[in-house]
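See structure below.
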Amino acid sequence: MVAATDGNNAQKLGLTAGLVVQELGWDEDTDDELRADIEDAIDAEMVDEDADDVVDVVVLWWRDGDGDLVDALMDAIGPLAEDGFVWVLSPKTGQPGYVDPSEIAEAAPTAGLTQTSAISLGDWSAARLVQPKARAGKKA
């Protein structure tokens, strides 16, 4: 028996029709099936790094050797909507370009983000990073 996977990984990412998703860090090793799932789920193409739109979600493909993750995250949150979030996708253990999850966990707060979850997507791991809510929970 074969399990249906259509849109499954995009659903894990919490992506739905109408969201504007920016893709950063695309390279030949990215998961084309996951990219197609994302575009099916949002019912549109992802925008690239040159887009001037405000975006709901940033999908950042990140590998060891790609540079400074904090800088990349700072660039990623520039066009991000106030309630938007970033998914950092990195190769799993044993895959070329593997990034230790602690590297993402340490870079997030420096960039002003908080990691809320981590999930598995085939050969890639995904870490969900959000911007802290302004004045959240501060009641008189």
Side-chain angles (χ1 to χ4, degrees):
M1 184 163 82
V2 175
T5 58
D6 287 349
N8 198 13
N9 284 332
Q11 289 172 354
K12 285 183 185 180
L13 296 173
L15 304 177
T16 57
L19 290 177
V20 178
V21 178
Q22 183 178 45
E23 179 181 39
L24 303 174
W26 179 91
D27 206 339
E28 294 176 4
D29 65 342
T30 55
D31 185 331
D32 287 334
E33 188 174 317
L34 176 57
R35 293 179 77 242
D37 283 352
I38 291 169
E39 291 183 340
D40 286 348
I42 63 173
D43 197 26
E45 290 185 3
M46 289 185 280
V47 298
D48 65 20
E49 64 270 0
D50 297 328
D52 292 330
D53 306 358
V54 171
V55 299
D56 301 303
V57 181
V58 173
V59 172
L60 173 61
W61 300 93
W62 191 258
R63 303 149 202 88
D64 184 47
D66 277 355
D68 187 308
L69 181 54
V70 173
D71 288 345
L73 291 173
M74 295 296 286
D75 291 343
I77 62 176
L80 198 60
E82 196 172 307
D83 60 345
F85 52 93
V86 177
W87 279 107
V88 178
L89 291 107
S90 58
K92 282 190 174 173
T93 306
Q95 299 294 324
Y98 166 73
V99 175
D100 192 287
S102 67
E103 184 178 328
I104 297 167
E106 291 169 12
T110 306
L113 298 166
T114 302
Q115 183 170 336
T116 59
S117 61
I119 59 173
S120 174
L121 302 168
D123 289 338
W124 293 80
S125 295
R128 186 177 189 265
L129 309 178
V130 300
Q131 301 172 94
K133 299 285 184 235
R135 299 191 245 346
K138 291 188 179 174
K139 297 193 180 209

Thr110: side chain to side chain donor-acceptor pair (under 3.5 Å) partners, not counting sequence neighbours: none

Over all atoms of both residues, closest heavy-atom pair of Asp37 and Ala10: O-CB, 3.4 Å

Point-to-point distance, once rounded to the nearest 0.5 Å, from CZ of Arg128 to OG1 of Thr116: 4.5 Å

Separation of Leu113 CG from Ile104 CD1 (nearest 0.5 Å): 12.0 Å

With Arg63 via side chain to side chain donor-acceptor pair (under 3.5 Å) - residues at least two apart: Asp29, Asp66

Under 3.5 Å: donor-acceptor pair, side chain of Gln131, backbone of Ala81: yes

For the student: nearest non-hydrogen atoms of Gly112 and Pro132, plus distance: O-CD, 3.0 Å

Minimum-distance pair of heavy atoms, taken over all atoms of Ser90 and Val99: CB-CB, 3.9 Å

Residue pair Lys92 / Gly122: nearest heavy atoms and the distance that separates them: NZ-O, 2.9 Å

Gap between atom CD of Glu106 and atom CG of Leu69 - 0.5 Å precision: 10.5 Å

Approximate separation, where rounding is to 0.5 Å, of Ser125 OG and Tyr98 OH: 8.0 Å

Inter-residue atom distance Leu129.CG - Ile77.CD1, 0.5 Å rounding: 10.0 Å

4.5 Å side-chain heavy-atom contact, Met74 and Val70: yes

Heavy atoms from other residues, nucleotides or ligands near CG of Asp50 exceed 12 (cutoff 6.0 Å): yes

Qualifying side-chain hydrogen bond (donor to acceptor under 3.5 Å, both in side chains) pairs with a residue from residues 67-78, counting only residues at least two apart or across chains: none

Any donor-acceptor pair under 3.5 Å from Asp53 side chain to Val55 backbone: no

Transitive ILVMFWY cluster of Phe85, excluding itself - 4.5 Å side-chain cut-off: Leu13, Leu15, Leu19, Val21, Leu34, Ile38, Ile42, Met46, Val57, Val59, Trp61, Trp87, Leu89, Ile119, Leu121, Trp124, Val130

Contacts of type side chain to side chain donor-acceptor pair (under 3.5 Å), residue Asp100, not counting sequence neighbours: Ser102

Beyond-backbone contact of Val54 with Val20, side-chain heavy atoms, under 4.5 angstrom: no

Test side chain to side chain donor-acceptor pair (under 3.5 Å) applied to Ser117 - qualifying residues, sequence neighbours left out: none

Exceeds 12 heavy-atom contacts within 6.0 angstrom, atom CD of Glu45: no

Side-chain (Gln22) to main-chain (Asp48) donor-acceptor, under 3.5 angstrom: yes

